[in-house]
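Take a look at the structure below.
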Amino acid sequence: MIISGTELAKELKQNVKERVETVKEKYGRAPHLVVILVGEDPASQSYVKGKGKDAEEVGFKSTTIRRPADITEAELLQLIETLNADDSVDGILVQLPLPSHIDEDKVIETIVKEKDVDGFHPANVAALWQKRPCTYPCTPAGIIKLLDKAKVQIEGKKAVVIGRSNIVGLPVSKMLLDRNATVTIAHSRTKNLAEVTKEADILIVAIGRPKFVTADMVGDGAAVIDVGVNRDPETGKLCGDVDFEACKDKASVITPVPGGVGPMTRACLMENTLECFLRRIQGA
């Protein structure tokens, strides 16, 4: 079964839209999401455009702030601090990656936890690992929702996550552990990787390597979640970290690229923005 992230994302965004109509009546305004785009990277521009479109679709106020690639780190941090102090702003997102002269960790840490809709702030990360209330990172949250939608059993199953980033690999591993899966975290250079992945009931791949996972790495009936978005070096078309055509007949469920995890990441961003708004306004 091919899991359509596009269809599930529509359901999630419709739910957010209905909730926004209610909160606008109750609190007199809609949530306000601000996205900062540094530079002119085509992929980043496309992502930001999609996020703005989704925000408007669900009824948010959406603002995109564009800055040149040569902005100084100090100028960017000052911009974030200004938004932190602005009570009309509920969510702040800085589109990654950033130019090499800017410390991404410092940028992430500067966004206040209460407006961290990406779920990347160290306080949110710590809360996730301590099983305390937090803002879940958007892509890992989307992955879990996709597995649930496809009725993939997580409890008691073996999950292998290829990728160790703080954005996807580590948080999704923790979320799977919290659902009582046995989790192995691997990377592209793991010795005898195919032997590890073939044992997985759930295989999640997030390394940014086109068609890295081949059919011989997938066990029969596994659920395969492909987080990668790459360009096929042969055709130039979008492809994932998984060789979809080679693996789809071995997997019980599999996500396509595009149309799999990507739409879910943006839908979960809308959910996070609404929750940040509600926590801020109800706590005021």
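Using modelled atom types, one side-chain atom of T197 and one backbone atom of M217 make a donor-acceptor pair closer than 3.5 Å. Between the side chain of K145 and the main chain of C268, no donor-acceptor pair closer than 3.5 Å is present. The main-chain N or O of F277 is never found under 3.5 Å from a side-chain atom of H32 such that the two would form a donor-acceptor pair. With hydrogens and angles ignored, the 3.5 Å screen pairs a side-chain donor or acceptor of K115 with a backbone N or O of V89. One N or O on the side chain of N272 and one on the backbone of Y136 form a donor-acceptor pair closer than 3.5 Å. The main-chain N or O of L98 is found under 3.5 Å from a side-chain atom of E104 such that the two form a donor-acceptor pair. Here the side chain of D226 pairs a donor or acceptor atom with the backbone of D241 at under 3.5 angstrom. A side-chain donor-acceptor contact under 3.5 Å links D103 to the backbone of K106. In this structure a side-chain-to-backbone donor-acceptor pair under 3.5 Å is missing from R164 to G169. A donor-acceptor pair is defined here as one N or O able to donate and one able to accept, closer than 3.5 Å; no such pair exists between the side chain of K157 and the backbone of I202.
Exactly one of T6, L269, I143, L12 qualifies for a side-chain contact (heavy atoms from CB on, under 4.5 Å) with M264. That residue is L12. Each of R209, K237, K211 was compared with D232 under the salt bridge (charged side-chain N to carboxylate O under 4.0 Å, His left out) criterion, and only K211 meets it.
D116 and T135 get closest at one heavy-atom pair: O-CG2, 3.5 Å. For the residue pair I162 and S188, the shortest heavy atom distance occurs at CG2-N, 4.2 Å. Minimum heavy-atom separation, V117 to G91: CG1-CA, 3.6 Å. The shortest non-hydrogen separation linking L274 to P31 is CD1-CG, 3.9 Å. For A9 against P263, the heavy-atom pair with the smallest separation is CB-O, 3.5 Å. Of all the heavy atoms in A215 and A246, the pair that sits closest is CB-O, 3.4 Å.
There is a path of hydrophobic side-chain contacts, each under 4.5 Å, that joins V34 to F120. L96 and I65 fall within the same hydrophobic cluster, where Ile, Leu, Val, Met, Phe, Trp and Tyr residues are linked whenever their side-chain heavy atoms come under 4.5 Å apart, directly or through other members. Put simply, I71 and V35 are part of two different groups of oily side chains (I, L, V, M, F, W, Y) that touch within less than 4.5 Å, one to the next. One hydrophobic cluster holds both V224 and L193 under the rule that ILVMFWY side chains link at heavy-atom gaps under 4.5 Å. Note on L8: it clusters hydrophobically with I144, by side-chain heavy-atom contacts below 4.5 Å among ILVMFWY residues.
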Tell me, with the steps shown, if E7 and K10 meet salt bridge (charged side-chain N to carboxylate O under 4.0 Å, His left out). CA-CA 5 Å; E7 291 303 313; K10 286 180 181 178; 3.7 Å; yes

CA sep, side-chain torsions, deciding dist, call: V160, E199, side-chain contact (heavy atoms from CB on, under 4.5 Å): CA-CA 8 Å; V160 173; E199 295 296 316; 6.0 Å; no

Would you sort out whether V253 and L146 count as a side-chain contact (heavy atoms from CB on, under 4.5 Å), showing the intermediate values? CA-CA 10 Å; V253 297; L146 282 170; over 6 Å; no

Determine whether T255 and V227 satisfy the following criterion, side-chain contact (heavy atoms from CB on, under 4.5 Å), listing intermediate values before the conclusion. CA-CA 8 Å; T255 56; V227 185; over 6 Å; no

For a side-chain contact (heavy atoms from CB on, under 4.5 Å) check, start with the C-alpha distance between M270 and L33, then their side-chain angles and the critical distance, and finish with the verdict. CA-CA 9 Å; M270 299 303 109; L33 173 65; 4.2 Å; yes

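Rounded to the nearest 0.5 angstrom, R266 CZ and D54 CG are separated by 4.0 Å. Atom-to-atom distance recorded for F212:CZ and C239:SG is 13.5 Å, nearest 0.5 angstrom. Interatomic distance, CD1 of I204 versus OG1 of T139, reported as 11.5 Å (0.5 Å rounding). Taking CD1 of I108 as the reference point, atom CG of D118 lies at 7.5 Å (rounded to 0.5 Å). The line from NZ of K49 to CG of L37 is 13.0 Å long, rounded to the nearest 0.5 Å. Taking CZ from R280 and CG from D90, the interatomic distance works out to 5.0 Å, rounded to the nearest 0.5 Å.
Counting only heavy atoms from C-beta outward, the side chains of E40 and Q45 approach each other to under 4.5 Å. Inter-residue side-chain proximity for Y47 and V229 is flagged as met; some heavy-atom pair is nearer than 4.5 Å. Between F244 and V257, the closest side-chain pair of non-hydrogen atoms is not below 4.5 Å. Annotation: side chain of T184 is not in contact with side chain of K158 (no heavy-atom distance under 4.5 Å). In this structure the side chain of I36 reaches within 4.5 angstrom of the side chain of L83, judged on heavy atoms. The side-chain heavy atoms of E75 and R67, taken from C-beta on, include no pair separated by under 4.5 Å.
No more than 12 heavy atoms of other residues, nucleotides or ligands sit less than 6.0 Å from atom CG of N166. Atom NZ of K250 is surrounded by more than 12 heavy atoms from other residues, nucleotides or ligands within 6.0 Å. Shown here is K113, whose NZ atom has more than 12 heavy atoms of other residues, nucleotides or ligands within 6.0 Å.
With salt bridges taken as basic N to acidic carboxylate O contacts below 4.0 Å, one links E11 and K149. A salt bridge links R19 with E275: the distance from a Lys NZ or Arg NE/NH1/NH2 to an Asp or Glu carboxylate oxygen falls below 4.0 Å. A salt bridge links E245 to K248: at least one charged side-chain nitrogen sits closer than 4.0 Å to a carboxylate oxygen.
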